[in-house]
Peer 1: 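Please find one structure pasted underneath; my questions will follow.
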Amino acid sequence: MSTAPWRDPALPAAARVDDLISRMTLEEKTAQLYGVWVGADTDGDGVAPLQREMTADYDWDELITLGLGQLTRSFGTAPVAPELGAQALARAQRRIAEASRFGIPAVAHEECLAGFTAWQATAYPVPLAWGATFDPALVAELGERIGHDLRSVGVHQGLAPVLDVVRDLRWGRVEETIGEDPYLVGTIGTAYVRGLESAGIVATLKHFAGYAASAGARNLAPVRAGARELADVTLPPFEMALREGGARSVMAAYTETDGVPASADPALLTRLLRDEWGFTGTVVADYFGIGFLQSLHRVAAGPAEAAHAALEAGIDVELPTLNCYGKPLVAAVREGRVPEALVDRALRRVLLQKCELGLLDPDWSPETGAEIDLDSAGNRALARRLAEESVVLLDNPDGVLPLAPQARIAVVGPRAADALAMLGCYSFPSHVLTHHPEVPTGIDIPTVLDAVRAELPDAKVTFAEGCGVSEPDTSGFAEAVARAAEAEVCVAVLGDRAGLFGRGTSGEGCDAADLELPGVQAELLDALVETGVPVVLVLLTGRPYALGRWQGRLGAVVQAFFPGEEGGPALAGVLSGRVNPSGRLPVSVPREPGGQPWTYLQPPLGLAGEVSNLDPTPLFPFGHGGSYTTFAWEDVHSPAAELPTDGSYDLSLTVRNTGERAGAEVVQLYLHDPVASVTRPDVRLIGYQRVELAPGESRRLTFHFHPDLSAFTDRTGTRVVEPGDLELRLSGSSADIRHRARLRLTGPVRPVGTERRLRCEVTVTDTEG
């Protein structure tokens, strides 16, 4: 074993890395800057190099003699039992260490968007459901659990969370986002990062930056957002997750903004991310993103030019392949076309992270010694709680819900009896198992139908599918209508099928032309409503759909965003009343299927007005959600006040459960800026607090507002706090204002930077009586 300084854990990491770099050849350096795609064989016999279509690019045994930067998705490519996968990964790591001169193992990374994307691993609710909980503490627990599962099998890095702020609900990847508001995305996403990092996993923020603002909601389409939208809407969640969450990696977005691809943008990846924000971790490419500089963006003539542009911009690691950072980069450096200093800059960041992970230590071992259970009872309990908190009761005007225990119930619809209706596109069953139909799901996923029957054993429950998710066939309508007509209440379970690149109605590359329910599901719902039997619409979707067509015609509406493996029992609990719904909308529900893009973050000209016949006002606004109990907001302390632009202000109220059921209220604080030097959103979320209360119980909530929360980017591109009038609004949603506090900020315009406060802290105290 080497006794060189770089192997000495007692030395500072920087000294160790500098010593190691000085000993490496150019080929050994670049080997640390790329990953390869591997997949463990289902019999556990070794690790297969790359995917089949790419195996001709290199010889695995020869490749690893130089070392290797990353191993890509050894669990997330094909179904492999966790224990066998862990053994195969450990063997691969030993081979890498033994074959190379320095014995440095690779960083193993996996997807963990809604749980570890591996066979037999817990499939949690998708991030849009996390947003619906308005519960950062619960999401932090989720991140920590997922992190421990990743660590237990030898994985070091997780490719999550997605911090893209929804800008157009038709975009296929809405399900992967946390919502349409940067404060909600930032606080929930940061909580997930904290949890993942607390387990020792490198969290990877994606997609940096602007990916969700693609034109026409088409995946990878150009981004035409202005600099102010990027600064005030797109970037804040990333800044918060880095500053407060401690994320150690960032993934560059595929897209281009105003003609500059993110993967070739030094202003974004170096000047902003590193020089201004102080980020010291690694920047990784989205899969094949560096090669796309040549093939899709056409800003590089070949792989070497793409490598040069990406390195210069600040991308340290090429994933999941070596097409650019491999031999093309080596040749370009040797020919003097790419400075070796760029290679060394990226290499230093990669090796510092490997040092931090213990991969340079002499006692490193690939075996974790951890017990492997990727779908433990604790995981399932957390998945259930997260699913329950994420269900949103959109409407229940006549109290049709909860359902009577002995009711005659017709459960109808294409999502009612399909386990995959619970899962998003990055869950292992939806992402991978569709290519392996002979392999069982590996986890128990109760359907809504099964869960309703278990939840209400004395009810008479019948079922008819009615139609498919996206197919045009209406031949099943008659049976569905007959079942509904015989029942006291009809539960219509409609929604999406998650998939990839057009193989679903939601998911990556599954963008929607409009927000009409897919296929003939709208026509099925019309037919069910016409029976005169009360219809409870249950939506299992990856995005919101337009529901104005049925306004006032439905008994109740329940929205769930791909709620995971425990989503069926969670929904059944809401329908029965065992679970009191407490979710709030992280995205608005539109009235009409057109009129997109639209989110609630609109300046005056983006709102309804007399100058257009189109009214974009949503049917159900951001932050909306109902309950089976009632709450009173009492003793509000919100005096008018003057304070300097660097002052502070406390706003408080007491929330009391005035009903007969335990429940959770979500108090939301919005900012309204009446006059500013540039147009501002009419309202935007700047704080919130979820509070759980037993019947008759109350809590005192105090919101600690600082004027930094009113900051925005002015005409010069500077983030400032401006003096003038402000209005703070305690609200039940972005449209449900309960109390207003009027403030006047005094003093000069105050520029603010990375030292500014990013969140509104809330103090919760018990009340007497």
Side-chain angles (χ1 to χ4, degrees), residues 1-9 11 13 16-17 19-41 43-51 54-55 57-75 77 80 82-110 150-157 200 202 317-322 325-327 330 347 350-370 372:
M1 181 62 68
S2 171
T3 57
W6 69 270
R7 278 289 194 195
D8 186 356
L11 290 177
R16 295 174 66 185
V17 167
D19 176 67
L20 178 57
I21 291 175
S22 71
R23 301 166 185 268
M24 300 176 82
T25 67
L26 177 60
E27 287 81 1
E28 288 169 333
K29 290 178 179 181
T30 59
Q32 294 295 319
L33 306 186
Y34 52 69
V36 294
W37 201 325
V38 298
D41 291 339
D43 62 3
D45 184 17
V47 175
L50 230 60
Q51 293 184 315
M54 301 179 72
T55 53
D57 289 347
Y58 68 89
D59 177 87
W60 168 258
D61 292 325
E62 178 184 351
L63 179 79
I64 60 176
T65 62
L66 299 172
L68 184 63
Q70 294 227 1
L71 287 168
T72 292
R73 298 188 66 181
S74 55
F75 290 86
T77 301
V80 57
E83 296 83 1
L84 297 178
Q87 294 168 14
L89 177 57
R91 283 197 295 272
Q93 291 279 40
R94 286 201 181 279
R95 287 178 63 192
I96 293 167
E98 291 165 358
S100 57
R101 191 159 64 102
F102 296 104
I104 304 170
V107 169
H109 76 256
E110 294 286 347
L150 291 166
R151 282 291 297 272
S152 74
V153 295
V155 173
H156 308 100
Q157 182 169 0
V202 175
V317 181
E318 180 179 15
L319 296 180
T321 183
L322 64 164
Y325 280 12
K327 291 179 180 179
V330 170
L347 174 64
V350 167
L351 292 179
L352 280 171
Q353 196 155 88
K354 286 195 171 188
C355 187
E356 190 177 55
L357 292 168
L359 301 182
L360 304 188
D361 294 351
D363 61 350
W364 167 82
S365 171
E367 282 81 18
T368 67
I372 298 173

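The structure displayed is predicted, hence computed values, not measured ones.
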Peer 1: Measuring from atom CD of Gln32 to atom CD1 of Ile21, what distance do you get when rounded to the nearest 0.5 angstrom?
Peer 2: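 The distance works out to 10.0 Å.
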Peer 1: Between OH of Tyr325 and NZ of Lys29, what distance do you get to the nearest 0.5 Å?
Peer 2: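 Result: 15.0 Å between the selected atoms.
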Peer 1: From Tyr34 OH over to Leu66 CG, what is the distance, rounded to the nearest 0.5 angstrom?
Peer 2: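 Those atoms lie 5.5 Å apart.
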Peer 1: Atom CH2 in Trp60, atom CZ in Arg95: separation rounded to 0.5 Å?
Peer 2: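 Result: 6.5 Å between the selected atoms.
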Peer 1: Does some side-chain heavy atom of Gln70 sit less than 4.5 Å from a side-chain heavy atom of Leu319?
Peer 2: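 Yes, side chains in contact.
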Peer 1: Identify the two heavy atoms, one from Gly358 and one from Trp364, that lie closest to each other, and give their separation to 0.1 Å.
Peer 2: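 Here Gly358 and Trp364 meet closest at O-CB, 3.7 Å.
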Peer 1: Does Leu351 reach the side chain of Met24, with side-chain heavy atoms less than 4.5 Å apart?
Peer 2: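 Side chain of Leu351 against side chain of Met24, heavy atoms only: contact under 4.5 Å found.
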Peer 1: Leu71 and side chain to side chain contact (heavy atoms under 4.5 Å, CB included): which partner among His156, Gln93, His109?
Peer 2: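 When His156, Gln93, His109 are each tested with Leu71, the side chain to side chain contact (heavy atoms under 4.5 Å, CB included) holds only for Gln93.
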Peer 1: For the atom pair CG (Leu89) and CD (Glu110), what is the distance rounded to the nearest 0.5 Å?
Peer 2: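 Between atom CG of Leu89 and atom CD of Glu110 there are 8.0 Å.
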Peer 1: State, to 0.1 Å, how close Ala108 and Gly154 come at their nearest heavy-atom pair, and which atoms those are.
Peer 2: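 Result for this residue pair: CB-O, 3.9 Å.
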Peer 1: Rounded to the nearest 0.5 Å, what separation is found between the CD1 atom of Ile104 and the NZ atom of Lys354?
Peer 2: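 That separation rounds to 6.0 Å.
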Peer 1: Any non-hydrogen side-chain atom of Pro366 less than 4.5 Å from a side-chain atom of Gln87?
Peer 2: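 When only atoms from C-beta onward are counted, Gln87 and Pro366 do not touch, as no gap falls below 4.5 Å.
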Peer 1: Could you tell me whether Arg7 and Asp19 have a side-chain N and a carboxylate O separated by less than 4.0 Å?
Peer 2: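 Salt bridge absent between Arg7 and Asp19.
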Peer 1: Could you pull out all residues at least two apart from Leu352 that satisfy side chain to side chain contact (heavy atoms under 4.5 Å, CB included)?
Peer 2: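 Per chain and number, Leu352 pairs via side chain to side chain contact (heavy atoms under 4.5 Å, CB included) with Ala13, Val17, Arg348.
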Peer 1: Which heavy atom of Gly67 sits nearest a heavy atom of Ala31, and at what distance?
Peer 2: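 Of all heavy-atom pairs spanning Gly67 and Ala31, the closest is O-CB, 3.5 Å.
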Peer 1: Testing the basics here: between Thr368 and Ser152, what is the closest heavy-atom pair and its distance to 0.1 Å?
Peer 2: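 For Thr368 and Ser152, the tightest heavy-atom pair comes out as OG1-O, 2.9 Å.
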Peer 1: So do the side chains of Ile96 and Pro105 get within less than 4.5 Å of each other, counting heavy atoms only?
Peer 2: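 A side-chain contact under 4.5 Å is absent here.
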Peer 1: What pairs with Pro82 under side chain to side chain contact (heavy atoms under 4.5 Å, CB included), at least two apart in sequence or on another chain?
Peer 2: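 Pro82 satisfies side chain to side chain contact (heavy atoms under 4.5 Å, CB included) with Gln120, Ile372, Leu374 once adjacent residues are dropped.
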Peer 1: Considering all heavy atoms of both residues, which atom of Asp61 and which atom of Ile64 are nearest to each other, and what is their separation?
Peer 2: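 Heavy atoms of Asp61 and Ile64 come nearest at O-CG1, 3.6 Å.
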Peer 1: Taking salt bridge (charged side-chain N to carboxylate O under 4.0 Å, His left out) as the test, write out the residues that go with Arg151, two or more places apart.
Peer 2: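 By the salt bridge (charged side-chain N to carboxylate O under 4.0 Å, His left out) rule, Arg151 matches no residue at all.
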Peer 1: Within the side chain of Thr77, is there an N or O that forms a donor-acceptor pair under 3.5 Å with the backbone of Ser74?
Peer 2: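 Side chain of Thr77 to backbone of Ser74: no pair is present.
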Peer 1: Run Gln353 and Val107 through side-chain contact (heavy atoms from CB on, under 4.5 Å) and show every step you take.
Peer 2: CA-CA 9 Å; Gln353 196 155 88; Val107 169; 5.8 Å; no
Peer 1: Does a salt bridge link Arg91 with Glu98, judged by any charged N lying under 4.0 Å from a carboxylate O?
Peer 2: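 Between Glu98 and Arg91 there is no salt bridge, as every charged N stays at least 4.0 Å from the carboxylate O atoms.
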Peer 1: Heavy atoms only: give me the nearest Glu318-Gly326 pair and the separation to one decimal.
Peer 2: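 The answer is OE1-N, 4.4 Å.
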